[in-house]
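Shown next, in structure tokens, is the structure this report addresses.
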Amino acid sequence: MRTSFSRSLTPAATTVVASVAVSVLLASGQAMAAAAPAPGADGQAARAAAVVEAATGTGGVASVPAGLAPATSTGSVGMGAADGSSLGMALPSSRTTAGVRAGNGSVVYPGAVKDGSVAVQQLDDGGIRALVTMESAAAPSDYRFRLDLPQGAQLQQHGDGSVDVVRDGQSLGRFEAPWAKDANGGAVATSYRIEGDSLVQHVEVTAGTAFPVVADPTWQGVWNRVKAGARKADQQAVLGAIGGCVIGSIGAGAGCGPGAATGAIGGAVKGGLEGFFKGK
């Protein structure tokens, strides 16, 4: 005759088995709870990066190199200027949060501002973006980027809203005209104002604004000057070619072709140097 396991146990043994079973169940539950991912900074950063990259796209965005973005939201982003000097840009932050690398290489600071986050992107062409994400209408409308400018430099605003860092009449780099987009990709009115050594971006939301909103200052240092030099070189090359053709045909007797070639080269060099050092 078979004797069941439960019948063969004494009351004391039954109590032991029951206690062991409860302990195993509790331990299993704790293990499963520990294995389940809890929402935290990484999850918030991933979401914030997705929102930012939906607004900016990922074309031309590089992974932020180590040391460029600060470890926390209260630090500054180091940026290079066209003359080899450097400047710092403090991120707008109402609380200290750690930077988390997420998305396509962006560094995100979840919750760094009220009802929002801050992110830093490196661009392929050497530019740097600092992006603010506004989660709701309760988010602030002004964001202050305090700048540590090179000695003797100052901020100069242009008609298109862009702001140059200028020293001795020469542009060291430029914050491009500001932009902001809502969740539907629609443009949101935004502008810069200069307050001392700070660049303040104002974002004007309305009742029809779809959140989240992403706003962005973009810094272009050396690359901005290279582009300016290229534009000026093209202009001066054309003028030099025309002038060289006339001089070669009439004055020097070399002919239009050689004169135009010489004039174009001289004009391109002159224009390139003017455009690079004057940033226009």
Side-chain angles (χ1 to χ4, degrees), residues 37-64 68-70 72-75 77 89-125 127-146 160-163 174-193 198-220:
D42 287 351
Q44 294 172 20
R47 180 184 178 281
V51 170
V52 162
E53 291 175 0
T56 65
T58 55
V61 177
S63 181
V64 174
L68 174 69
T72 69
S73 57
T74 54
V77 180
M89 177 174 64
L91 300 173
S93 177
S94 57
R95 59 188 291 261
T96 302
T97 60
V100 180
R101 190 175 296 274
N104 198 52
S106 302
V107 174
V108 182
Y109 305 86
V113 293
K114 179 186 176 184
D115 274 25
S117 60
V118 178
V120 174
Q121 286 183 341
Q122 170 77 63
L123 305 183
D124 286 340
D125 62 12
I128 297 171
R129 285 190 185 125
L131 303 114
V132 175
T133 299
M134 304 166 61
E135 295 288 352
S136 74
S141 56
D142 287 350
Y143 297 91
R144 180 179 300 273
F145 297 85
R146 184 180 53 78
D160 65 352
S162 62
V163 175
R174 174 172 297 175
F175 291 97
E176 296 183 346
W179 61 262
K181 292 181 182 179
D182 70 5
N184 297 327
V188 177
T190 184
S191 60
Y192 290 144
R193 69 176 183 271
S198 291
L199 189 67
V200 181
Q201 183 167 10
H202 176 74
V203 184
E204 192 70 40
V205 300
T206 67
T209 301
F211 290 91
V213 169
V214 176
D216 154 75
T218 298
W219 167 258
Q220 292 286 3

Practice task
Check whether any side-chain heavy atom of V77 lies under 4.5 Å from a side-chain heavy atom of W219, and answer yes or no.
Solution key: no
Exercise for the section: Can you see which heavy atom on D182 is nearest to which on N184, and at what distance? Expected result: OD1-N, 2.9 Å
Exercise for the section: With side chain to side chain contact (heavy atoms under 4.5 Å, CB included) as the test, would you mind laying out the steps for T133 and V108 before giving the verdict? Expected result: CA-CA 10 Å; T133 299; V108 182; over 6 Å; no
Taking only distance into account, with no hydrogens and no angle test, what donor-acceptor pairs under 3.5 Å do side-chain atoms of residues 109-119 form with protein atoms, sequence neighbours excluded?
residue, atom, partner, partner atom, Å
Y109, OH, P70, O, 2.5
D115, OD2, S136, OG, 2.5

Handout entry: Main-chain N/O of V205 paired to S141 side chain as donor or acceptor, under 3.5 Å
Key = no
Handout entry: Any donor-acceptor pair under 3.5 Å from D160 side chain to S162 backbone
Key = yes
Exercise for the section: State whether the side chain of E176 and the backbone N or O of P217 hold a donor-acceptor pair below 3.5 Å, judged by distance alone. Expected result: no
Practice task
Mind checking ring-ring contact (aromatic ring centres under 6.0 Å, His included) for Y143 and listing every partner two or more places apart, or none if nothing turns up?
Solution key: none
Practice task
To the nearest 0.5 angstrom, please state how far the CD atom of Q220 sits from the CD1 atom of I128.
Solution key: 9.0 Å
Exercise for the section: With the side chain counted from C-beta on, respond yes when V188 and T190 share a heavy-atom pair under 4.5 Å apart, and no when they do not. Expected result: no
Practice task
Given side chain to side chain contact (heavy atoms under 4.5 Å, CB included), test M89 with L199 step by step and report yes or no.
Solution key: CA-CA 9 Å; M89 177 174 64; L199 189 67; over 6 Å; no
Handout entry: Sub-4.5 Å side-chain heavy-atom contact between D142 and R193
Key = yes
Practice task
Answer whether the closest heavy-atom distance between the side chains of Q201 and F175 falls below 4.5 Å.
Solution key: no
Handout entry: Any side-chain heavy-atom pair of S63 and R101 under 4.5 Å
Key = yes
Handout entry: Value rounded to 0.5 Å, distance of CG in L91 from CZ in F145
Key = 7.0 Å
Practice task
Using a 4.5 Å cut-off on heavy atoms from C-beta on, say whether the side chain of N104 contacts that of Q121.
Solution key: no
Practice task
Kindly write out the residues that satisfy side-chain contact (heavy atoms from CB on, under 4.5 Å) with A183, not counting sequence neighbours, or none if the list is empty.
Solution key: A210, P212
Practice task
Would you indicate whether the side-chain heavy atoms of W179 and T56 approach each other to under 4.5 Å?
Solution key: yes
Handout entry: Heavy-atom check, side chain of V100 versus side chain of Q44, under 4.5 Å
Key = no
Problem - Which atom of G127 lies closest to which atom of D125, heavy atoms considered - result: N-OD1, 3.0 Å
Problem - Nearest non-hydrogen partners of Y192 and T218, listed with the distance - result: OH-N, 4.1 Å
